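The structure under discussion appears below in the form of structure tokens.
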There are 2 protein chains.
Amino acid sequence: MPRHKAPSSVKPTRQPTLTDVAALAGVSTSAVSRTFTPGTSVAKSTRALVLSAAKKLGYRPNAIARTLSTRRSHMIGVVVCYLHNQFYPNVIELLSQLLQARGYHILLFVGNDRGPGDNATDALIHDILQYQVDGILLASTTLSSLVAAHCQAAHIPIVLFNRVASVQSATTVESDNFQGGQLAARLLFERGARRIGFIGGVVDSSTSRDREAGFLSGLSALGLPLFATAYGDYDFDTAKAVAIDMFRRPDPPDAVFVANDHMAFAVMDALRGTLGLRVPEDVQVVGFDNVPQSGWGGYELTTIEQDAERMTHAAVEALLNHIEAGASSPAQRIVTPVRVVERSSTRPAV
Amino acid sequence: MPRHKAPSSVKPTRQPTLTDVAALAGVSTSAVSRTFTPGTSVAKSTRALVLSAAKKLGYRPNAIARTLSTRRSHMIGVVVCYLHNQFYPNVIELLSQLLQARGYHILLFVGNDRGPGDNATDALIHDILQYQVDGILLASTTLSSLVAAHCQAAHIPIVLFNRVASVQSATTVESDNFQGGQLAARLLFERGARRIGFIGGVVDSSTSRDREAGFLSGLSALGLPLFATAYGDYDFDTAKAVAIDMFRRPDPPDAVFVANDHMAFAVMDALRGTLGLRVPEDVQVVGFDNVPQSGWGGYELTTIEQDAERMTHAAVEALLNHIEAGASSPAQRIVTPVRVVERSSTRPAV
DNA sequence: TTGTACGCGTTATCAT
DNA sequence: ATGATAACGCGTACAA
């Protein structure tokens with residue numbers, strides 16, 4: 001087999017570029033570019049030439065170069081603070097599908113730092129901005145205010161997912177946490193509970209605050225006081241610990257509303273395992289969120305369910321509209337409804 | 001306040017570039033570039049000039065442009081087929097930390113398509129290659145062989161995580177699935193089980209196959225036959241269904257080894273909820289994987305635990321070494337040990 | 001419809 | 001140590 005030697009120099013197998021394709025097809029680079037850009041006019045004959053040359057070379061457009069040229073990376077920065085809470089993997093999975101379908105991709109950042117102001121947060125902001133993402137989805141994280149502020153300054157569209165920051169003019173998608181809290185209060189009351197406690201999440205998170213506020217509102221409408229309060233930091237072990245404290249008192253609650261399912265599992269563990277109480281016979285528990293069935297274990301938990309699917313759809317819609325409409329799109333505030341659901345994995349799901 | 005008019009034209013606030021910084025600092029672009037590139041020689045004085053100018057303008061290096069120039073994106077494509085199985089979110093979280101610490105970022109792809117050969121898979125390959133990722137981590141997915149082949153062709157370093165493909169010269173990180181199967185067999189035997197069944201995952205996945213092979217090996221060493229077999233496709237509902245079938249027979253097994261925890265939860269649901277059997281009194285169940293404590297619910301499952309942390313560390317190490325050493329690094333095959341663990345969320349974890 | 005030439009923001013090369 | 005200049009691969013006026 002004869003070795004063809006290229007006129008200039010023998011370059012080691014490198015990715016074929018648009019120029020290579022143009023040369024092989026005997027057309028200009030613009031013709032090739034147009035062939036791979038939908039909505040442009042190319043003659044059928046040249047298009048065929050280009051495509052065959054491209055196939056022969058195994059050509060693939062370089063998204064990075066395109067980004068530099070068009071100033072659109074088609075990457076969305078997704079920031080979550082943890083993935084323990086099974087709510088988020090679920091959201092991310094759907095998110096990935098929706099974005100992929102519209103030609104966008106996920107640059108993932110897990111910012112699991114404790115407390116704001118540490119330098120991991122700064123590094124994260126630094127990194128995410130360097131990569132020229134077209135938009136950012138900020139999913140419930142403690143560091144959202146800081147990140148949001150920086151993104152605003154950089155004119156990057158941002159959607160706050162289940163998190164309200166103090167930043168003006170950022171679009172927000174959240175479930176009706178306040179009403180969820182009210183529902184929880186009414187539900188526990190109707191089931192006969194009278195000494196009702198609350199276990200919150202991260203104290204200064206908007207979700208925990210709103211759920212608590214709604215819960216208080218619901219209780220006071222029923223003429224009930226809040227019997228006990230504690231905060232589990234949205235963390236499994238912390239929630240377990242504070243639950244044990246709360247129920248070891250001489251006069252413990254007969255019910256508790258927990259600010260998310262992740263902690264609710266921990267609370268039920270503490271009640272049944274450590275304290276030997278029966279759930280729901282001795283203590284009733286209501287959670288909040290929407291984790292997939294496989295996460296419910298043997299718990300049979302009553303929960304306030306967020307419409308994760310709707311929230312995700314809304315977030316994608318808002319973000320991409322904002323991106324593709326330039327800066328002309330106004331900030332929205334989208335609130336999705338919640339509902340009471342009783343699920344268990346030992347019975348068919350409702 | 002006087003309006004200064006720039007000599008050329010008034011550009012609407014745009015991201016400051018390296019050139020802008022150079023102009024303001026009164027130095028060349030190279031000086032600026034060097035200032036932001038560690039390990040280069042710049043005079044202290046010019047460095048100071050550049051930094052102050054950069055700070056004044058709010059300059060941030062453009063990672064995309066850098067990628068085009070250096071041919072290193074510092075992005076790692078991570079492909080998973082689903083996030084329901086809580087094992088993967090866990091891995092991704094650690095992965096993110098490790099990569100971030102070494103200056104790399106995650107471009108996430110969720111390829112939850114059923115069966116190979118569909119065009120979603122092709123689109124995924126297409127996308128991931130366009131973005132010039134420096135390497136790919138392929139986490140247990142049915143489409144790995146195809147993806148792996150394409151990446152090999154594109155000379156992109158790739159690590160197969162918990163998945164062995166038919167591709168030569170790809171580095172592999174997996175736990176000792178075979179030995180895990182053996183352990184499961186011995187464990188169930190020691191606990192008195194004699195009619196032992198197996199519920200596998202995706203039939204042609206290497207993890208399921210290896211676990212099954214080890215299990216068979218273990219059983220035959222004990223002189224036991226395999227009492228029943230079924231496949232749950234690594235899916236919650238499917239596993240539930242096949243478990244019900246298996247245990248509704250006139251002479252059901254007295255124990256079952258399930259190829260991962262995700263399905264093991266489903267199986268225990270079926271046994272206790274649908275069939276009214278007691279676990280472990282009537283039926284013993286052993287799972288496989290390593291899902292975080294919060295996912296164990298009230299199950300109190302015995303499982304073969306993978307060392308997820310070690311696997312992730314190994315994967316990152318292998319991938320980055322390969323990337324930074326060019327193509328000179330040979331393909332490795334890393335196998336991490338497993339161990340029997342009994343965990344429950346109603347008792348303190350072991 | 002097609003081709004030419006320049007810009008995108010950065011790094012690398014080679015002088016100085 | 002510093003500066004001019006050419007890549008990097010692609011879009012896109014603008015001209016033909």
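All of these numbers come straight from a predicted model, not from anything done at the bench. In what follows, every chain begins at residue 1, and chains take the letters A, B, ... in the order their sequences are listed.
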Residue-phosphate contact under 4.0 Å: A:Y131 side-chain N/O, C:dG9 OP1/OP2: no
Any side-chain donor near an acceptor of the partner, B:H74 and B:D134, under 3.5 Å: no
Sugar-phosphate only, base, or nothing, as touched by A:V32 at under 4.0 Å among non-hydrogen atoms: nothing
No-H, no-angle donor-acceptor pair, B:S30 side chain to D:dA4 base, under 3.5 Å: yes
Whole-Å distance separating the CD1 atom of B:I64 from the P atom of C:dT11: 13 Å
Distance-only donor-acceptor test, A:R71 side-chain atoms vs C:dG9 base atoms, 3.5 Å: no
Nearest-nucleotide pick for A:S33, side chain only, options being C:dT1, C:dT10, D:dG11: D:dG11
Nearest listed nucleotide, side chain of B:A43, among D:dG11, C:dT11, D:dT2: D:dT2
A:R60 (side chain) and D:dG9 (base): donor-acceptor pair under 3.5 Å: no
Minimum-distance nucleotide (side-chain atoms of B:T37 versus C:dT11, D:dG9, C:dG3): C:dT11
Any donor-acceptor N/O pair under 3.5 Å between C:dG7 base and A:S69 side chain: yes
Closest nucleotide among D:dG11, C:dG3, C:dG9 to the A:R66 side chain: D:dG11
Sugar-phosphate, base or nothing in reach of B:F36, heavy atoms under 4.0 Å: nothing
Any donor-acceptor N/O pair, B:R47 side chain to B:T35 backbone, under 3.5 Å: yes
From C:dT10, D:dG9, C:dT4, nucleotide with atom closest to A:L68 side chain: D:dG9
Gap between atoms CZ and C1', on A:R47 and C:dT1 respectively (whole Å): 13 Å
Side-chain heavy-atom pair A:I106, A:Q100 within 4.5 angstrom cut-off: no
5'-most by nearest nucleotide on DNA chain D - B:S45 or A:L18: B:S45
Nearest-nucleotide 5' precedence on DNA chain D, B:K44 against A:P16: B:K44
Length of the line joining B:L49:CG and D:dT2:C1', which is rounded to integer Å: 13 Å
Among D:dG3, C:dT10, C:dG3, the one nearest B:R34 by side-chain distance: D:dG3
Nucleotide nearest B:T46 (side chain, heavy atoms from C-beta), chosen from C:dT4, D:dT2, D:dG9: D:dT2
Rounded distance (Å) that lies between atom P of C:dC8 and atom CG of A:N62: 18 Å
Nearest-neighbour nucleotide for the B:T70 side chain, C:dA5, C:dT11, D:dC10 considered: C:dT11
side-chain N/O A:S41 vs C:dT1 OP1/OP2, d < 4.0 Å: yes
Donor-acceptor pair between B:E309 and B:H313 side chains, under 3.5 angstrom: no
Approximate separation, where rounding is to 0.5 Å, of A:I76 CD1 and A:S96 OG: 12.0 Å
Beyond-backbone contact of B:Q97 with B:R102, side-chain heavy atoms, under 4.5 angstrom: no
Phosphate-side-chain proximity, A:T17 and D:dC8, N/O vs OP1/OP2 below 4.0 Å: no
Between C1' of D:dC8 and CZ of B:R72, the distance in whole Å: 14 Å
